[in-house]
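Nothing fancy with the numbering, it's 1 onward along the sequence. Indexing begins at 1, ligand by ligand and atom by atom, following the structure's order.
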Amino acid sequence: MLEHLTVVKHPLVQHKLTIMRDKETSTNSFRRLLREISQLLAYEITREMEMTTTRIETPICAMDAPTIDGKKLALISILRAGNGLLDGVLELIPAARVGFVGLYRDPETLQPVQYYYKVPDLRERLTIALDPMLATGNSSAAAIDLLKKSGATNIRFMCLLAAPEGVARMKEAHPDVPIVTAAVDSHLNDHGYIVPGLGDAGDRMFGTK
Ligand code: URA
């Protein structure tokens with residue numbers, strides 16, 4: 001079983017993350033590094049997938065060789081920054097089904113409001129939700145609520161950076177959803193940004209402001 005929180009401390013992940021945090025890093029490099037780290041995080045988050053065997057013939061003899069068991073997994077991008085993780089993970093797991101969740105924060109109630117939702121059949125499927133920044137955790141927890149309503153029972157959450165506030169919020173709302181991240185930073189500032197963080201992940205990967 002994955003722990004509720006796994007911080008991937010591998011030197012390659014940490015080195016790439018440091019370059020991503022640097023405000024001088026270009027959009028182009030930021031995107032490439034995010035794709036690379038997403039594959040290293042995917043390696044970790046899929047570690048305990050169920051396996052079976054299939055009978056094959058090598059050029060030498062027959063063997064029962066290991067394969068992944070069950071339905072194809074589902075990758076859910078939490079828009080828009082989730083798309084930066086999606087590309088790399090899909091490269092590694094090209095047969096995955098893909099869904100999208102769009103949420104914005106209502107400026108008055110501060111509650112997440114859904115503006116887009118399209119997901120594959122999630123029943124009996126390992127479902128990996130993707131969002132680079134786990135900040136307050138409110139929109140992530142709301143996205144997981146939606147996935148559970150769609151029948152997902154085996155969900156994992158991948159992010160690049162997490163704030164302790166977001167980890168705590170997810171643990172309270174969804175203790176059954178393991179989180180895999182590259183780092184847990186110090187805190188959130190008054191604007192809801194992770195400190196020291198890397199700024200707005202969507203702006204940095206798409207070159208917007
Ligand atoms: N979303 C971001 O893109 N960055 C943060 O620091 C927090 C939320």
Kindly print each ligand 1 N/O atom paired with any protein N/O atom under 3.5 angstrom away, one pair per line, or none if nothing qualifies.
residue  : atom  : partner : partner atom : Å
ligand 1 : 3 (O) : Ala201  : N            : 2.8
ligand 1 : 4 (N) : Gly199  : O            : 2.8
ligand 1 : 6 (O) : Ile194  : N            : 2.8

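Contacts of Asp203 classified as side chain to side chain donor-acceptor pair (under 3.5 Å), with partners at least two apart in sequence or in another chain: Arg80, Thr208.
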Could you give me the CA-CA distance, side-chain angles and deciding distance for Tyr104 and Ser139, then say whether side-chain hydrogen bond (donor to acceptor under 3.5 Å, both in side chains) is met?
CA-CA 8 Å; Tyr104 71 89; Ser139 59; over 6 Å; no

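Side-chain atoms of Asn138 and Arg169 form a donor-acceptor pair, as typed in the model, at a separation below 3.5 Å.
Summarising the local packing, NE2 of His187 is surrounded by more than 12 heavy atoms from other residues, nucleotides or ligands at distances under 6.0 Å. Around atom CD1 of Ile68, no more than 12 heavy atoms belonging to other residues, nucleotides or ligands sit under 6.0 Å away.
With Asp176 as the partner, the side-chain contact (heavy atoms from CB on, under 4.5 Å) test is satisfied by one option alone out of Arg156, Lys148, His4: Lys148.
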